[in-house]
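Here is the structure we will look at, set down as structure tokens.
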Amino acid sequence: MQSSTVTAAKADKPKAETAKGGDKRFKVLDMTMKRNQYRQDALIEVLHKAQESFGYLEEEVLIYVARNLKLPLSYVYGVATFYHLFSLKPNGAHTCVVCLGTACYVKGGGDVLAALEAKTGIKAGETTPDGQISIMTARCIGACGIAPAVVFDGKVAPQISPEMACDRIAEWE
């Protein structure tokens with residue numbers, strides 16, 4: 001009698017609590033959570049691994065993490081949206097992050113962003129319809145001495161003018 005109860009309990013277990021159909025990305029998340037003993041204070045590390053594995057934090061992944069760490073989905077979503085590093089939408093093939101920290105903004109970071117938005121036809125936080133370019137902003141990238149700084153595909157570029165930024169992304173089109 002007990003074995004049928006256990007079997008029924010396993011069958012009722014929500015799908016998001018076990019690795020999705022052998023998807024290796026979910027297995028990587030499982031290993032990360034297990035290594036951290038499913039501690040709730042490992043949420044940011046787990047979200048980093050999720051973003052690294054999936055490219056962005058889709059709703060299904062947030063639900064999976066919340067259930068496995070026994071956290072409210074609203075809390076996990078709050079953390080994922082608070083930190084600029086996390087993305088809830090897929091990025092384009094190329095990314096452009098414009099620093100809008102005080103030094104960069106004063107030296108023309110806002111103008112760089114405006115030029116990029118005009119050239120691509122998208123706003124910060126969006127991706128071009130063809131999925132090629134994503135434009136993002138950051139409060140500060142810690143490169144104040146080389147302001148205005150822009151990060152093109154993960155590489156910091158110093159003292160970027162609006163024209164230089166547009167020339168760089170023209171190479172991606």
Side-chain angles (χ1 to χ4, degrees), residues 20 23-33 36 42-66 69 73-173:
K20 299 279 187 181
D23 187 331
K24 290 180 182 179
R25 298 173 300 177
F26 281 102
K27 289 182 180 183
V28 168
L29 277 184
D30 287 339
M31 290 180 352
T32 302
M33 290 184 284
N36 287 287
L43 175 61
I44 292 177
E45 182 178 344
V46 172
L47 290 177
H48 277 287
K49 185 56 77 174
Q51 178 139 322
E52 180 183 307
S53 299
F54 290 86
Y56 68 104
L57 300 174
E58 58 186 281
E59 183 179 359
E60 180 181 21
V61 173
L62 295 176
I63 292 168
Y64 185 79
V65 170
L69 295 182
L73 179 58
S74 59
Y75 182 81
V76 174
Y77 180 79
V79 170
T81 55
F82 178 80
Y83 291 102
H84 183 74
L85 173 71
F86 298 125
S87 175
L88 301 180
K89 295 183 257 181
N91 288 328
H94 299 283
T95 58
C96 178
V97 182
V98 180
C99 179
L100 294 179
T102 303
C104 287
Y105 191 81
V106 167
K107 292 191 173 188
D111 296 333
V112 171
L113 177 61
L116 288 169
E117 289 176 340
K119 176 151 181 65
T120 59
I122 60 172
K123 297 285 183 195
E126 297 179 347
T127 301
T128 54
D130 64 1
Q132 284 299 302
I133 301 171
S134 291
I135 298 177
M136 295 170 273
T137 60
R139 290 184 193 102
C140 182
I141 63 169
C144 303
I146 58 170
V150 178
V151 182
F152 296 100
D153 283 341
K155 294 181 182 166
V156 179
Q159 300 169 333
I160 296 294
S161 69
E163 297 77 23
M164 292 166 65
C166 289
D167 289 346
R168 286 288 290 273
I169 65 164
E171 298 170 11
W172 297 339
E173 296 177 318

Exercise. Does the side chain of Val156 come within less than 4.5 Å of Ile146's, by heavy atoms?
Worked result: yes
For this session: Give the intermediate values and the outcome of side-chain contact (heavy atoms from CB on, under 4.5 Å) for residues Leu43 and Val65.
Result: CA-CA 8 Å; Leu43 175 61; Val65 170; 3.7 Å; yes
Exercise. If every non-hydrogen atom of Val98 is compared with every non-hydrogen atom of Gly109, which pair is closest and at what distance?
Worked result: CG1-O, 3.6 Å
Exercise. What's the shortest heavy-atom distance between Cys99 and Cys140, and which atoms?
Worked result: SG-CA, 3.7 Å
Exercise. Who pairs with Glu52 by side chain to side chain donor-acceptor pair (under 3.5 Å), at least two apart in sequence or on another chain?
Worked result: Lys49
Seminar exercise, completed: Paired with Leu47, the side chain to side chain contact (heavy atoms under 4.5 Å, CB included) test is passed by just one of Leu29, Leu57, Thr32, namely Leu57
Exercise. Do Met136 and Asn91 come within less than 4.5 Å of each other through their side chains, counting heavy atoms only?
Worked result: yes
For this session: Specify the closest pair of heavy atoms between Pro162 and Val112, including all atoms of both residues, with the distance to one decimal.
Result: N-CG2, 3.8 Å
Exercise. Quick check: does any side chain N or O of Glu126 sit under 3.5 Å from a backbone N or O of Lys123, one acting as donor and the other as acceptor?
Worked result: yes
For this session: State whether the side chain of Ser53 and the backbone N or O of Ala50 hold a donor-acceptor pair below 3.5 Å, judged by distance alone.
Result: no
Problem set entry | Heavy-atom check, side chain of Tyr83 versus side chain of His48, under 4.5 Å | no
For this session: Please tell me if the side chains of Glu171 and Asp167 come closer than 4.5 Å, counting only heavy atoms from C-beta onward.
Result: no
For this session: May I ask you to test the Val61-Tyr56 pair for a side-chain heavy-atom distance under 4.5 Å?
Result: no
Problem set entry | Stepwise side-chain contact (heavy atoms from CB on, under 4.5 Å) test for Thr127 and Lys89 | CA-CA 9 Å; Thr127 301; Lys89 295 183 257 181; over 6 Å; no
Exercise. What distance do Cys104 atom SG and Gln159 atom CD have between them, rounded to the nearest 0.5 Å?
Worked result: 10.0 Å
Seminar exercise, completed: Output for pair (His94 NE2, Phe152 CZ), nearest 0.5 Å, gives 12.0 Å
For this session: To the nearest 0.5 angstrom, please state how far the CG atom of Asp153 sits from the CZ atom of Arg168.
Result: 8.5 Å
For this session: Decide yes or no on side-chain contact (heavy atoms from CB on, under 4.5 Å) for Phe54 and Arg25, but give the supporting numbers first.
Result: CA-CA 7 Å; Phe54 290 86; Arg25 298 173 300 177; 3.5 Å; yes
Problem set entry | Closest non-hydrogen atom pair between Ala124 and Leu113, with its separation | CB-CD1, 4.1 Å
Seminar exercise, completed: Value for CD1 (Ile122) from CD1 (Ile133), rounded to nearest 0.5 Å, stands at 7.0 Å
Exercise. Atom CD in Gln51, atom CZ in Phe86: separation rounded to 0.5 Å?
Worked result: 6.5 Å
Exercise. Can you tell me how far the CG atom of Leu116 sits from the SG atom of Cys96, to the nearest 0.5 Å?
Worked result: 4.5 Å
For this session: Looking only at non-hydrogen atoms, find the nearest pair between Cys144 and Ala103 and report the distance.
Result: CB-CB, 3.9 Å
Exercise. Do Leu62 and Leu73 touch side chain to side chain, with heavy atoms closer than 4.5 Å?
Worked result: yes
